[in-house]
Amino acid sequence: QVQLVESGGGLVQPGGSLRLSCAASGSFSRFNTMGWYRQVPGKQRELVASISSGGRINYADFVKGRFTISRDNAKNMVYLQMNSLKPEDTAVYYCTISGNYWGQGTQVIVSS
């Protein structure tokens with residue numbers, strides 16, 4: 001059974017930073033792409049960033065230059081460093097393995 005556990009969300013002021021972490025466990029291919037999505041009530045879940053096992057990275061346009069995704073294959077971890085946060089970044093952030101497995105999400109609130 002594959003399990004993904006996110007952490008690191010919280011309340012931050014505009015312009016601030018947060019670092020999300022996702023720990024993956026269970027039986028899955030280490031060659032899968034890992035990524036972060038986010039969702040706000042009433043809207044579809046949207047891709048934030050993804051990273052392949054070989055390090056190929058894809059960012060949504062709305063986070064380019066502000067967010068950085070990374071992964072540690074040895075530890076089965078994926079991270080999302082979020083800088084220059086904006087109120088519109090407020091959402092529940094989900095970790096995923098190739099869209100097949102999902103974590104429970106971690107809430108990020110950007111507000112003064």
Side-chain angles (χ1 to χ4, degrees):
Q1 183 177 357
V2 177
Q3 186 175 21
L4 299 173
V5 179
E6 302 100 333
S7 61
L11 173 65
V12 64
Q13 292 187 342
S17 298
L18 283 174
R19 187 189 192 217
L20 306 183
S21 299
C22 174
S25 61
S27 178
F28 61 93
S29 172
R30 271 52 177 173
F31 297 102
N32 280 326
T33 293
M34 300 184 75
W36 291 93
Y37 280 68
R38 70 186 189 186
Q39 189 171 25
V40 298
K43 292 189 176 182
Q44 286 190 332
R45 197 171 292 188
E46 60 183 359
L47 174 70
V48 176
S50 63
I51 182 168
S52 71
S53 59
R56 183 178 300 175
I57 291 173
N58 180 43
Y59 290 109
D61 286 342
F62 53 78
V63 302
K64 284 182 179 177
R66 300 189 298 125
F67 292 8
T68 302
I69 189 170
S70 61
R71 67 188 283 174
D72 185 331
N73 291 330
K75 296 181 179 179
N76 292 329
M77 297 286 296
V78 63
Y79 307 96
L80 187 68
Q81 177 66 43
M82 305 187 295
N83 299 328
S84 303
L85 283 161
K86 305 174 181 180
E88 52 263 43
D89 294 319
T90 295
V92 178
Y93 285 72
Y94 297 90
C95 174
T96 182
I97 298 177
S98 296
N100 295 318
Y101 304 101
W102 296 87
Q104 81 289 348
T106 184
Q107 176 76 58
V108 171
I109 299 174
V110 185
S111 176
S112 56

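In the hydrophobic clustering, where aliphatic and aromatic side chains (Ile, Leu, Val, Met, Phe, Trp, Tyr) are joined below 4.5 Å either directly or transitively, Val40 stands alone.
Within the structure, the ring pair (Phe, Tyr, Trp, His ring centres under 6.0 Å) test picks out the following pairs touching residues 82-112 (sequence neighbours left out): Tyr37-Trp102. Residue pairs meeting the salt bridge (charged side-chain N to carboxylate O under 4.0 Å, His left out) criterion with at least one member in residues 69-78: none, sequence neighbours excluded. Here side chain to side chain donor-acceptor pair (under 3.5 Å) pairs that include residues 40-50, with residues two or more places apart or in two chains, are Arg38-Glu46, Gln39-Arg45. Sorted by first and then second residue, the salt bridge (charged side-chain N to carboxylate O under 4.0 Å, His left out) pairs involving residues 1-14 (not counting sequence neighbours) form an empty list.
By the rule that hydrophobic residues join a cluster once side-chain heavy atoms approach within less than 4.5 Å of another member, Leu47 and Val92 end up as members of one cluster.
Scored by the side-chain contact (heavy atoms from CB on, under 4.5 Å) test, Ile57 finds Ile51, Tyr59, Ile69 as partners (sequence neighbours excluded). Ser98 pairs by the side-chain hydrogen bond (donor to acceptor under 3.5 Å, both in side chains) definition with Asn32, not counting sequence neighbours. The salt bridge (charged side-chain N to carboxylate O under 4.0 Å, His left out) check on Lys64 picks up Asp61, with sequence neighbours excluded. In terms of the side-chain contact (heavy atoms from CB on, under 4.5 Å) criterion, residue partners of Ser52 (sequence neighbours excluded) are, by chain and number, Thr33, Arg56. Contacts of Arg66 classified as salt bridge (charged side-chain N to carboxylate O under 4.0 Å, His left out), with partners at least two apart in sequence or in another chain: Asp89.
In this structure, Trp36 and Ser21 approach most closely via the heavy-atom pair CH2-O, 3.6 Å.
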Just list the side-chain donor-acceptor pairs under 3.5 Å for residues 77-86, sequence neighbours left out, or say none.
unit_1	atom_1	unit_2	atom_2	d
Gln81	NE2	Asn83	OD1	2.9
Asn83	OD1	Ser17	OG	2.9

For a quick test of your reading: what N or O donor-acceptor pairs under 3.5 Å do the side chains of residues 105-112 make, sequence neighbours left out?
unit_1	atom_1	unit_2	atom_2	d
Thr106	OG1	Gly9	N	3.2
Gln107	NE2	Ala91	O	3.2

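Expressed to the nearest 0.5 Å, how far OG of Ser25 lies from CG of Asn76 amounts to 8.0 Å.
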